[in-house]
Structure formats: structure tokens, C-alpha cells
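Structure first, commentary second.
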Amino acid sequence: MHRRILVPGVLAAASLLLAIPASAASYGPGAPGIGDPYYPYYGNGGYDVSHYDLRLQYQPATDELAGTATILARTTQDLSSFDLDFLLDVSEVRVNGTQAAFTTSGQHELVITPKSPLAKGTPITVVVRYSGVPSTKSAYGFNTWHRTPDGAVAADEPEAAWWWYPSNDHPLDKATYDVSVAVPEGTQAISNGTLQSTSTQRGWTRFNWRQNKPQATYLTTLAVGKFDITTGTSEGGVPVVNAYSKDLGDNDGAARASVERTGELVDWLSGYFGPYPFASAGGYVPNTTTGYALETQTRVYYSPKQFANGANTSVVVHELAHQWYGDDVSLKGWKDIWLNEGFARYAQWLWSEHEGEGTTQELADYVYASHPADDAFWTVKPGDPGPDDQFDIAVYDRGALAVQALRNAVGDDAFFAILKGWPKEHAYGNASVGDFEEYAEKVSGKSLSGLFDAWLFQPTKPAASAFRAAVAPVQPKSWKRIEATNDVH
């Protein structure tokens, strides 16, 4: 019999080995991107966010922003570290109450290493304290934080969050939000959802906004400035909050004449897309120099330039249509952008028909005939346009042509059932172009692969007996107003 003698050092090593889980080798860093081929470093791997709580203070005079972000998430793999997308200066990070190490990497990555590795399926609370001057920060050569004469606006696509809160910045990871912002008394802070409360102390007013439905990061907005705010309720019962910078000048009347119809248009769109999916609706028009509009969830961003030539309800219809197609049902990857823009453009065509200014078929005929076969318009594939052409006009107009082609192929009964059923089928989630094709085939009972391939994926002009190819097509009356919205998202 031989006695095995273990010296203290060996005993300690043996104890350490016993304490390490067998799966320890599986712990590794989360990916610095969520896996979108268009934007390899947007979003992050290794966790899924359920809620953002943002407590901010902003000084318009100096563009200084200070904040604490509390992020509730759950790990989706064994993590040794993970990333958030962020640009401002971080002073402290805590993970589940314990201080964590952090550094920066690449153009916009905040890399966090918790004190202890995190097993897959672990609920985590991440607290990030930060400050900075957003207008001084850039990534990839651009900045999406827009200064105004009396404040600032965060609203852009496909990215805007990095300049004001740390996030998993990709539509695939939607979450609910509480956004609390303190601004100098006499200034307002506007965000998504419903205003829960306001309070004023020592010269600062705090606005507390809540979005209780899942929301993509790029659809989260913040506007600080001096606004005239109007409130009301649509005939269908949807609360509406609109806001207008007090210095819009000549664009003020046209902006109000357009955006104040939000309640009416929400109810009208509900007839096509089903019940409005959120607790409030509305929009805001800040005094910015940008030219676009954006479907920021429940609180649409409009540039005053959209109303430089007068009122335009068509742009309001476009952005409100996104509340169903893009916000309620969000894309899985940025290549699925047709699900957002093709249907929002088609909603404008439906509004044109409603107003007696050109039917959807007449608009489709006009677009089809306006672009000869050798036009570069047809080389853009709406079903997968590539990052450089993601917002090309073909994604909108050829995208809407594809919707009309679908309508002509399946008939009105099936088409309008698809239009209304799709937001219900994927409510508050994400979907791809492939998912939509599958759903359209299920509802219509028809094979549609050839139609979708021709209209969304081939870089050539589809042959279409359903559309007139007149040499001199008649321009529908609504066309100029629709064309004026070509810069919107």
C-alpha cells in the first residue's frame, strides 16, 4: 500500500481545479457585431437586452450630456467580456452591482469585462455612468447628433444611439425604455412613448418618458429645445402628442397643417394595417438643417424642409405607415429594408387613391413606364440592395411596384388580408423578406417565388403585362408630393 502525499501547493491547485466548472473553457468574449453583413460591427453578440433605463442631464448651451444607463439583459453564451456600442466618455461600469473593467475598441465599441465570467442564461444588470459633448464625437467619419439653435436632436438611421446612450445597436435586439431627461427650466425634452411625469427643481425640469413596447435602438429619439406641444386623441382613441420648435419661421404653418393630421391618418391606416400597435402617436418638427424624416417609434421626426413648399400629408402617411411596417415588425437584417420602405411608399400610393389624386395602379404604371430597361434604377435589388443602396429611390419606388405586383397576382381579398395580417403575425418582433414571402403564400394559397425573385432580387426590369409601359405616361396628380418625400426614411 502506497500513501499519496500532497504538499499544500498541490492541495491548493487540486482545490482550484475542482472549483472551475467543466465548461470554463467555453467562456469567451461576445462578438463585436451582431452578425449583420451590411454593418459588421453594429450590435453585439453574447447577450439580449430587455430594457434600457436612461437617466440624463443635458445643457443645450454647451452641448454637455451626462447620464447613467441601466441595461437589463440576459446572456446568450458563456461570456468573459462583451461590447456595447457607444462613443461618449465612460467613468464607471458595474455588472450585477460589481465594478467591471472597461476599455474602448474600434470605431464605437465599449468593451466590458465583468469581475467574474457570466454563464449562458444569466440575467445581468449593466450600469454605465458617462458624460461628454456629443457633437464632438464621430465614427466612420460622421456624426448623427444634430445641434439646433436651442438644443439638439438624436434621430438617424441606421445608427443614432452611440452619441447619447450605450446599447446593443441593431434592430434585432429590441427592448422597452424609460428615458428621463433633466434640462434647464423653460426647455423641453421629448422622447418616445408616453410622458409619465415632469418635475422642476433648482432651475432644472425633468421629463420622464416611457416606451412600454419593444423598440429598436435606431427608433429611439431624443429632442431637446423650446417647443410648442399639442396633445389630443384620435377618433379611434389613440393619444397624440406633437411638438414644433418655436423658431420654425415660414415653415411653421405648413408643418402644423401636415403633422396635426396625425390622429386622422393613424385611424385611416388602421383600416389597412390593423389596430395601431402603440400607446401613443405623434411627431415633432425641430429647427434642424437636415432634409429627411424618420419613423422614430410613436414620435416621428420631421425636418422642417419637408414642409418648405407647403403642407404635405404624404410624408406623414409614409412615416406613420412605418409604425406597423418597420417599428412594430422590424427587420431581421438591414438587407430586409424593403419590408420598411416598400410598404411605407405603398401607403402613400393608397393615400393618393383615397384623395382622388391617382390610383395605386396609375402610380405603378407611371413608375414602371418612367424607367426604361437600361435605367440603373433596375439594377438595384430592393430585396437585398447592399449597404450603399439601402436607401436608393429604387428601394422605395421599385419596392412599391413589387407590392402592387403582389396585389395584382393574388387579388384584392388576399392582398388586403396579407397587408393587415402581417403586423399581427410578427407583432413586436422581427422578420425577413423570406418570412414575408412565406406568409403571403400561406394567405394567398399561391406560389410566389417567381414574382418575388423578379421584383426584388433580379437586377433587370421585370416583364409585367399588369403595368402599362406607355412612352409618355400620364403623371398622377399626387406624384410631385410623393416625389418630394424621396429623402425620407
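Nothing fancy with the numbering, it's 1 onward along the sequence.
- Ion pair Asp389/Lys381 not flagged as a salt bridge, since none of the NZ, NE, NH1 or NH2 atoms sits closer than 4.0 Å to an Asp/Glu carboxylate oxygen.
- Ion pairing of Glu355 with Lys477 is absent here, as no side-chain N (NZ or NE/NH1/NH2) approaches a carboxylate O to less than 4.0 Å.
- The side-chain tip of Arg210 does not point at the ring of Tyr177 from less than 6.0 angstrom away and within 45° of straight on.
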Task: Residue pair Trp422, Trp324: steps toward the ring-ring contact (aromatic ring centres under 6.0 Å, His included) verdict - done: CA-CA 9 Å; Trp422 175 253; Trp324 287 266; over 10 Å; no
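- In this structure, the separation between NE2 on His108 and OH on Tyr41 is 10.0 Å, given to the nearest 0.5 Å.
- For the pair Lys461 and Tyr368, the cation-pi test (distance below 6.0 Å, angle within 45°) is passed.
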Open item on the list: Assess the residue pair Phe273 and Tyr325 against the criterion (ring-ring contact (aromatic ring centres under 6.0 Å, His included)); give the C-alpha distance rounded to whole Å, side-chain angles, the decisive distance to 0.1 Å, and a yes or no.
Closed with: CA-CA 9 Å; Phe273 299 152; Tyr325 281 79; 5.1 Å; yes
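- Expressed to the nearest 0.5 Å, how far OH of Tyr428 lies from NZ of Lys213 amounts to 4.0 Å.
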Open item on the list: With side-chain contact (heavy atoms from CB on, under 4.5 Å) as the criterion, how do Val49 and Ser167 come out once you've worked through the C-alpha distance, each side chain's angles and the decisive distance to 0.1 Å?
Closed with: CA-CA 9 Å; Val49 178; Ser167 67; over 6 Å; no
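- Within a 6.0 Å sphere centred on OH of Tyr292, other residues, nucleotides and ligands contribute more than 12 heavy atoms.
- Applying the 6.0 Å contact sphere to CG of Asn309 captures no more than 12 heavy atoms from other residues, nucleotides or ligands.
- Among residues at least two apart or in separate chains, ring pair (Phe, Tyr, Trp, His ring centres under 6.0 Å) pairs with a member in residues 211-232 are Tyr218-Trp334.
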